[in-house]
Amino acid sequence: MTSTLDLKHQRILVTGGAGFLGRQVVEQLCQAGADRNKISTLRSRDCDLRQMESCQRAVDQQDIVIHLAAHVGGIGLNREKPAELFYDNLMMGTQLIHAAYEAGIQKFVCVGTICAYPKFTPVPFKEDDIWDGYPEETNAPYGIAKKALLVQLQAYRQQYGFDGIYLLPVNLYGPEDNFDPSSSHVIPALIRKVHEAQLRGDRQIPVWGDGSPTREFLYSTDAARGIVMGTQFYAEAEPVNLGTGNEITIKTLITTICELMGYDGELVWELDKPNGQPRRCLDTQRAKQKFGFVAEMEFKQGLKNTIDWYRQHAV
């Protein structure tokens with residue numbers, strides 16, 4: 001580990017800090033010694049980071065910036081709004097990084113995306129493979145916009161000595177996730193689909209694709225802890241994966257969700273719908289070696305926690 005960044009007296013901006021991951025990051029910052037009164041969070045409705053003036057106001061008087069804010073969704077949104085996803089994420093990130101550099105920010109933490117990896121990256125994905133091909137087509141505009149921020153941070157480190165790090169969390173899940181069917185990721189989408197089928201008494205559930213792709217999932221509390229550990233202990237140019245190193249097929253995932261929710265109906269695979277990237281699983285050694293991060297949440301327990309939360313809050 002490199003020298004520890006003491007969070008106690010730091011003024012910390014968390015963009016997207018009111019969101020699913022952001023709330024967990026704020027909690028983990030506090031557990032790591034940060035003063036809650038010195039943590040600022042931004043909501044998109046209050047501050048449009050696509051505008052440079054908003055970025056400049058946001059970073060003013062801050063010491064650390066953790067950039068989580070993103071315009072993001074599942075395959076459906078990626079297919080429907082590729083231009084918006086490219087423009088919004090590129091403009092938010094690149095302007096915020098520049099404003100932070102100009103304001104003399106001590107540390108910039110950029111949270112990237114697993115979508116930045118090439119479509120046919122050898123499994124497990126190693127950080128050094130990130131430039132070895134074009135991303136999976138449905139999420140390439142989003143992935144490339146976020147990957148451009150890695151280049152920017154490395155360039156600013158090289159030319160200006162600006163301490164910016166880039167973390168790559170795998171697919172996240174957990175309580176308080178986004179369960180909106182128009183923009184949710186796979187776990188909350190499937191939980192909602194099963195729940196609503198149970199309410200209606202449906203004996204069949206349609207599922208996109210053929211169930212063969214694999215995914216890796218990181219519990220939100222683990223992801224937040226990894227981000228905070230990176231903030232404290234990592235100060236190098238190379239990107240770092242955050243994950244568990246365990247992959248699961250979509251077919252096994254939906255079967256497990258059905259078991260945990262007590263649904264025994266039939267799954268109907270919609271073979272005309274896209275599968276997305278064939279496999280996703282990360283090599284997580286760099287995070288362990290560089291700042292000691294290892295995921296802790298057992299997957300079935302994390303799924304159960306997420307299902308329980310959704311059932312309590314579903315309307």
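Contact check on D48 versus R50 returns a salt bridge, with a Lys/Arg side-chain nitrogen under 4.0 Å from an Asp/Glu carboxylate oxygen. Look at K107 and D63 and you find no salt bridge, because none of the NZ, NE, NH1 or NH2 atoms lies under 4.0 Å from a carboxylate O.
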Return all side-chain donor-acceptor pairs below 3.5 angstrom for residues 166-175, not counting sequence neighbours, or 'none' if the list is empty.
residue	atom	partner	partner atom	Å
Y166	OH	K146	O	2.9
N171	OD1	R280	NH1	3.3

Indicate every side-chain donor-acceptor pair of residues 120-132 with a distance under 3.5 Å to a residue at least two apart or in another chain.
residue	atom	partner	partner atom	Å
T121	OG1	P118	O	2.6
E127	OE2	N241	N	2.8
D128	OD1	R286	NH2	3.0

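With sequence neighbours left out, the side chain to side chain contact (heavy atoms under 4.5 Å, CB included) criterion links R157 to D163, I165, A237. With sequence neighbours excluded, the residues forming a side chain to side chain contact (heavy atoms under 4.5 Å, CB included) with Q204 are E266, V268, listed by chain and number. A search for salt bridge (Lys or Arg N to Asp or Glu O under 4.0 Å) contacts involving K304 returns D308, not counting sequence neighbours. Partners of D35 by salt bridge (Lys or Arg N to Asp or Glu O under 4.0 Å), not counting sequence neighbours: none found. Residues forming a salt bridge (Lys or Arg N to Asp or Glu O under 4.0 Å) with E84 (at least two apart in sequence, or on another chain): none. Listed by chain and number, the residues in a side chain to side chain contact (heavy atoms under 4.5 Å, CB included) with T284 are E216, L282 (sequence neighbours excluded). Residues forming a side chain to side chain contact (heavy atoms under 4.5 Å, CB included) with R311 (at least two apart in sequence, or on another chain): H195, Q198, M261, I307. Scanning for salt bridge (Lys or Arg N to Asp or Glu O under 4.0 Å) contacts around E102 gives an empty result, with sequence neighbours left out.
With side-chain heavy atoms closer than 4.5 Å counting as contact, directly or through intermediates, the hydrophobic cluster containing Y87 also holds M91. Connectivity analysis of hydrophobic side chains (ILVMFWY, heavy atoms under 4.5 Å, direct or indirect) links F86 to L90, Y134, I144.
The aromatic rings of W309 and H313 sit parallel to each other, their planes meeting at less than 30°, with 60° as the upper class boundary. The aromatic rings of F108 and F162 sit tilted, their planes meeting at an angle between 30° and 60°.
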